[in-house]
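Here the structure is laid out as structure tokens; the discussion comes afterwards.
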Amino acid sequence: MDQSDVAGDLADILLTEEQLGTRLDEMAAQIDADYAGKDLLLVGVLKGAVMVMADLSRRLHHPVEMDWMAVSSYGSGTRSSGVVRILKDLDSDLSGRNVLIAEDIIDSGLTLSWLVQNLRSRGPASVEIATMLRKPEAAKVDVDVRYVGFDIPNEFVVGYGLDYAEKYRNLPFIGTLAPHVYS
């Protein structure tokens, strides 16, 4: 899928495939340095983080374990509902482990703040966050994010794992969705 397939649905391309790849290379290098000699468990947050987790993990130069969690505070709309539900829990025991949460985007921070507290209650050695996108203007709570791909404006974005009503996840870039699509 490329831009021509959804041209009428997009207002703009915010980040190209090349920009995403370059930033993932930089983030992976920093993660490799920070976790040198340590075991690392990557925890992907479904469904949005699939692309970030896959591409980031392939850029790391030491073995990592991966697990997945699905939490939701979104319906098919464009705003967080504020209620967090676990849809799929981890299969891994976190006791004494270094955990790195891989996220696609941080909007209000409410869901991620809840998730970090939940994971920290399971006895890991550490819990850190790597996100491709962060919307500082949308933040409702302060979340300590160790690795940030890009800070972006408070606009509704799709692509690279991000969806609207389960569509557009497979775009290789990140674009802003035209308001006529969701209004």
Side-chain angles (χ1 to χ4, degrees), residues 13-71 90-155 157-163 169-176:
I13 292 185
L14 190 61
L15 296 165
T16 67
E17 186 175 3
E18 292 75 23
Q19 288 172 302
L20 295 170
T22 298
R23 186 64 187 119
L24 280 168
D25 287 339
E26 296 165 354
M27 290 169 66
Q30 187 61 55
I31 292 166
D32 277 332
D34 292 347
Y35 289 95
K38 298 178 183 176
D39 288 329
L40 181 60
L41 173 65
L42 291 179
V43 172
V45 182
L46 295 170
K47 298 177 187 173
V50 168
M51 306 298 186
V52 174
M53 179 108 148
D55 289 347
L56 179 63
S57 67
R58 287 189 298 240
R59 285 169 163 82
L60 295 172
H61 291 282
H62 69 279
V64 295
E65 290 182 46
M66 291 187 257
D67 203 345
W68 296 93
M69 216 174 165
V71 296
L90 297 172
D91 296 322
S92 305
D93 179 5
L94 301 187
S95 299
R97 314 242 356 234
N98 294 297
V99 175
L100 180 60
I101 300 168
E103 264 286 28
D104 53 349
I105 191 167
I106 301 172
D107 284 296
S108 69
L110 293 169
T111 301
L112 193 55
S113 176
W114 179 90
L115 180 60
V116 168
Q117 281 186 308
N118 180 288
L119 296 182
R120 284 190 176 142
S121 74
R122 302 179 192 200
S126 66
V127 175
E128 299 291 347
I129 301 162
T131 188
M132 180 51 68
L133 304 173
R134 178 175 61 183
K135 294 182 182 178
E137 295 169 23
K140 294 187 178 179
V141 294
D142 187 33
V143 179
D144 185 24
V145 182
R146 188 158 184 181
Y147 310 99
V148 177
F150 299 93
D151 282 330
I152 63 168
N154 191 15
E155 298 180 61
V157 292
V158 295
Y160 200 67
L162 298 156
D163 76 300
R169 289 187 196 278
N170 58 328
L171 292 170
F173 55 83
I174 294 172
T176 55

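From a predicted model like this one, the values you see are computed outputs, not experimental measurements.
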Before giving the answer on side-chain contact (heavy atoms from CB on, under 4.5 Å), spell out for Leu90 and Arg122 the whole-Å C-alpha distance, their side-chain angles and the decisive distance to 0.1 Å. CA-CA 11 Å; Leu90 297 172; Arg122 302 179 192 200; 3.9 Å; yes
Residue among Leu15, Ile105, Asp104 satisfying side chain to side chain contact (heavy atoms under 4.5 Å, CB included) with Val157: Ile105
So, Asn154 side chain and Lys135 main chain: donor-acceptor pair closer than 3.5 Å or not? no
pair Asp34-Arg146: side-chain heavy atoms closer than 4.5 Å: yes
Within the 4.5 Å heavy-atom criterion, are Glu65 and Asp39 side-chain neighbours or not? no
Main-chain N/O of His61 paired with Asp32 side-chain donor or acceptor, under 3.5 Å: yes
Strictly distance-based, threshold 3.5 Å: is any side-chain N or O of Arg134 a donor or acceptor partner for the main-chain N or O of Gly109? no
Could you tell me which non-hydrogen atom of Ala28 sits nearest to which non-hydrogen atom of Leu60, and how far apart they are? O-CD2, 3.6 Å
Under 3.5 Å: donor-acceptor pair, side chain of Ser121, backbone of Asn118: yes
Heavy-atom nearest pair, Val148 first then Met27, reads C-SD, 4.2 Å
Pick one: which of Leu94, Val43, Leu41 meets side chain to side chain contact (heavy atoms under 4.5 Å, CB included) with Pro124? Leu94
Would you say Met69 and Leu119 make side-chain contact, with heavy atoms under 4.5 Å? yes
CD1 of Ile31 to CD of Glu128: how many Å apart, nearest 0.5 Å? 10.0 Å
Which pair of heavy atoms, one from Arg169 and one from Met51, lies closest together, and at what distance? O-CE, 3.6 Å
Asn170, CG: over 12 other non-hydrogen atoms inside 6.0 angstrom: yes
Between Leu56 and Ala130, which heavy-atom pair has the shortest distance, and what is it? CD2-CB, 4.4 Å
Let me confirm one number: the CE-CG distance from Met132 to Leu162, rounded to the nearest 0.5 Å. 10.0 Å
To the nearest 0.5 Å, tell me how far Glu26 CD sits from Tyr147 OH. 14.0 Å
Nearest 0.5 Å, please: how far is CE in Met66 from CG in Leu42? 6.5 Å
Side chain to side chain contact (heavy atoms under 4.5 Å, CB included) with Ile129: of Asp144, Val45, Leu100, Val143, only one passes, and it is Val143
State, to 0.1 Å, how close Phe173 and Glu17 come at their nearest heavy-atom pair, and which atoms those are. CB-N, 4.0 Å
How long is the span from the OG atom in Ser113 to the CD1 atom in Ile106, to the nearest 0.5 Å? 10.5 Å
Heavy-atom closest contact (Phe150 atom, Gln19 atom, distance): CZ-O, 3.6 Å
Taking the side chain as everything from C-beta on, heavy atoms only, tell me whether Tyr160 gets closer than 4.5 Å to Asp55. yes
For Val71 and Trp114, what are the C-alpha separation, side-chain angles and deciding distance, and is it a side-chain contact (heavy atoms from CB on, under 4.5 Å)? CA-CA 10 Å; Val71 296; Trp114 179 90; 4.2 Å; yes
To the nearest 0.5 Å, what is the distance between CG (Leu115) and CD1 (Ile101)? 4.5 Å
